[in-house]
Amino acid sequence: MMFSVTVAILVCLIGYIYRSFKPPPPRICGHPNGPPVTSPRIKLSDGRYLAYRESGVDRDNANYKIIVVHGFNSSKDTEFPIPKDVIEELGIYFVFYDRAGYGESDPHPSRTVKSEAYDIQELADKLKIGPKFYVLGISLGAYSVYSCLKYIPHRLAGAVLMVPFVNYWWTKVPQEKLSKALELMPKKDQWTFKVAHYVPWLLYWWLTQKLFPSSSMVTGNNALCSDKDLVVIKKKMENPRPGLEKVRQQGDHECLHRDMIAGFATWEFDPTELENPFAEGEGSVHVWQGMEDRIIPYEINRYISEKLPWIKYHEVLGYGHLLNAEEEKCKDIIKALLVN
């Protein structure tokens, strides 16, 4: 009898552990029991769909075509306010898209930093944007821009990395700098980043268990927000943007968790090893960093820009992480990319 009870307890325990570690299946848009498809989408060569949103002047008549890459826990409906008169004066066409697993874009179980560049390239080709285009990545979405600079530099007319993501396991940035920057983060976020890097298969459990606090970013904790960021968040809460309910509708694991796993993985390259894609001066690469940003350590982005003098590095005093919500700053960013 005792043996049978012990076996039953072990079976139940194993079943509980298995269910705790295994993410639920995604609720894929357009599939049975999944959310509806309400946005235009393109079909990629591997069969996945990417949803997108266009704005600005007509695509065929645009002087400049910019692909905007949203950040963590965001979507193609991310903010990037530019005055209408600037858009029309310069002739700018924007396309925003849902990265894999976000919004209405299909999940990508094998997503990597490298795959991001080819998603962008296929999006540009399917929309017939042309042989060259600009890319602008916000926060965690900036690793997609690093990917473009590495794998498809010949397709770029220019690039912007806005409050860009930092991987604390890059191989050529001095480890003491990375370790010091990581130590500035709350302990729970340090542990989350380490789980994503060292034991990614455990990340779903880590971010859903209730025994220990895990991630400020996933839970929406404002502890890492600057005073300026808090003002922006308050305005957003008073006037929420449409589409927010769609960001994570296919499951947190398919968007948030896989995004962190890809970003904090061991990359095939280090940003300091990138070559200048515009050696003849036909384009430019910009990094914009808020100096009050408590999510992204400016010391690391400053170091990378010093190692790559062809990057035009801009430090913005008095601003935090949410630069993309500030119309005046977004206008400055676009003009620096296209005009200066």
Side-chain angles (χ1 to χ4, degrees), residues 40-46 50-71 76 78 80 82 86-100 105 112-138 141-162 164-165 268-269 271 273-288 304-305 308-314 324 330-340:
R41 306 198 301 178
I42 58 107
K43 188 174 184 180
L44 302 173
S45 58
D46 63 4
L50 283 189
Y52 65 92
R53 173 176 70 89
E54 299 172 289
S55 70
V57 304
D58 182 73
R59 185 196 315 163
D60 295 330
N61 298 318
N63 297 319
Y64 304 102
K65 298 170 183 178
I66 303 175
I67 297 177
V68 180
V69 190
H70 68 79
K76 65 181 180 301
T78 189
F80 193 76
I82 301 290
V86 173
I87 292 174
E88 293 179 347
E89 175 191 348
L90 296 177
I92 307 171
Y93 160 84
F94 292 99
V95 58
F96 301 75
Y97 73 102
D98 289 331
R99 293 192 291 122
S105 287
T112 62
V113 169
K114 186 174 185 177
S115 69
E116 294 285 301
Y118 295 107
D119 281 3
I120 289 172
Q121 179 170 253
E122 281 202 70
L123 175 67
D125 290 343
K126 290 295 175 69
L127 295 180
K128 298 181 180 179
I129 287 177
K132 287 184 178 289
F133 48 85
Y134 296 84
V135 288
L136 187 154
I138 302 165
Y143 79 69
S144 303
V145 177
Y146 277 131
S147 181
C148 290
L149 290 168
K150 173 63 177 179
Y151 298 111
I152 58 166
H154 57 288
R155 299 299 305 272
L156 302 182
V160 173
L161 299 100
M162 194 172 181
F165 165 79
E268 294 181 346
F269 66 97
E273 299 174 316
L274 291 170
E275 297 181 0
N276 185 0
F278 309 114
E280 303 300 321
E282 67 277 26
S284 58
V285 178
H286 299 254
V287 168
W288 290 79
I304 292 171
S305 298
L308 301 176
W310 45 269
I311 288 181
K312 297 184 178 182
Y313 180 60
H314 312 263
N324 63 299
C330 289
K331 182 174 75 171
D332 292 343
I333 288 167
I334 289 299
K335 287 199 168 184
L337 176 68
L338 304 180
V339 178
N340 296 340

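Heads up: numbering here begins at 1 and tracks the sequence.
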* Asked: When you look at NZ of Lys132, are more than 12 heavy atoms from neighbouring residues, nucleotides or ligands closer to it than 6.0 Å?
  ->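 Counting neighbours around NZ of Lys132, more than 12 heavy atoms of other residues, nucleotides or ligands fall under 6.0 Å, so yes.
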* **Heavy atoms from other residues, nucleotides or ligands near CD of Glu282 exceed 12 (cutoff 6.0 Å)** => yes
Of the non-hydrogen atoms in [X] and [Y], which two are nearest, and what is the gap between them?
| X | Y | answer |
| --- | --- | --- |
| Leu161 | Ala142 | CD2-O, 3.8 Å |
| Lys150 | Pro153 | O-CD, 3.7 Å |
| Gly158 | Phe278 | N-CZ, 3.5 Å |
| Leu90 | Asn63 | O-ND2, 3.0 Å |
| Ser144 | Arg99 | OG-CD, 3.9 Å |
| Ala124 | Ile67 | CB-CD1, 4.0 Å |

* Asked: After noting the C-alpha distance and the side-chain angles of Asn324 and Thr78, does the key distance pass the side-chain contact (heavy atoms from CB on, under 4.5 Å) rule?
  -> CA-CA 8 Å; Asn324 63 299; Thr78 189; 3.5 Å; yes
Donor-acceptor pair, [X] side chain versus [Y] backbone, under 3.5 Å?
| X | Y | result |
| --- | --- | --- |
| Lys65 | Ile129 | yes |
| Ser147 | Val113 | yes |
| Ser105 | Asp98 | yes |

So, taking the atom named [atom1] in [X] and the one named [atom2] in [Y], what distance separates them when rounded to the nearest 0.5 Å?
| X | Y | atom1 | atom2 | result |
| --- | --- | --- | --- | --- |
| Trp310 | Glu275 | CH2 | CD | 9.0 Å |
| Leu136 | Ile333 | CG | CD1 | 6.5 Å |
| Gln121 | Leu156 | CD | CG | 9.5 Å |
| His70 | Ile138 | NE2 | CD1 | 9.5 Å |

* Would you please test Ile87 and Phe94 for side-chain contact (heavy atoms from CB on, under 4.5 Å) and show each step? => CA-CA 10 Å; Ile87 292 174; Phe94 292 99; 4.2 Å; yes
* To do: Determine, stepwise, if the pair Ile42 / Tyr97 fulfils side-chain contact (heavy atoms from CB on, under 4.5 Å).
  => CA-CA 10 Å; Ile42 58 107; Tyr97 73 102; over 6 Å; no
* Do Phe269 and Tyr151 make the cut of ring centroids closer than 6.0 angstrom? ->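 Judged by ring-centre distance (under 6.0 Å), Phe269 and Tyr151 do meet the cut-off.
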With a 3.5 Å cut-off and sequence neighbours excluded, list the donor-acceptor pairs that the side chains of residues 50-57 form with protein atoms.
from	atom 1	to	atom 2	distance (Å)
Arg53	NE	Lys76	O	2.9
Arg53	NH2	Lys76	O	3.0
Glu54	OE2	Arg59	NE	3.0
Glu54	OE2	Arg59	NH2	2.5
Glu54	OE2	Tyr93	OH	2.7

* Asked: Side chains of Ile120 and Val135: closer than 4.5 Å at any heavy-atom pair?
  -> yes
* Asked: Just wondering, do Tyr118 and Ile152 contact through their side chains at under 4.5 Å, heavy atoms?
  ->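 Ile152 vs Tyr118: side chains touch.
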* **Step-by-step side-chain contact (heavy atoms from CB on, under 4.5 Å) determination, Phe96 to Val69** => CA-CA 7 Å; Phe96 301 75; Val69 190; over 6 Å; no
* To do: Assign the ring pair Trp288 / His286 to parallel, tilted or perpendicular, where the plane angle (0 to 90°) is split at 30° and 60°.
  => parallel
* Does any pair with a residue in residues 118-131 pass salt bridge (Lys or Arg N to Asp or Glu O under 4.0 Å), and if so which ones, sequence neighbours excluded? -> Arg48-Asp119, Asp125-Arg155
* Check Leu308, Leu274, Ile311, Val145 against Val285 for a side chain to side chain contact (heavy atoms under 4.5 Å, CB included) and give me the one that passes. => Ile311
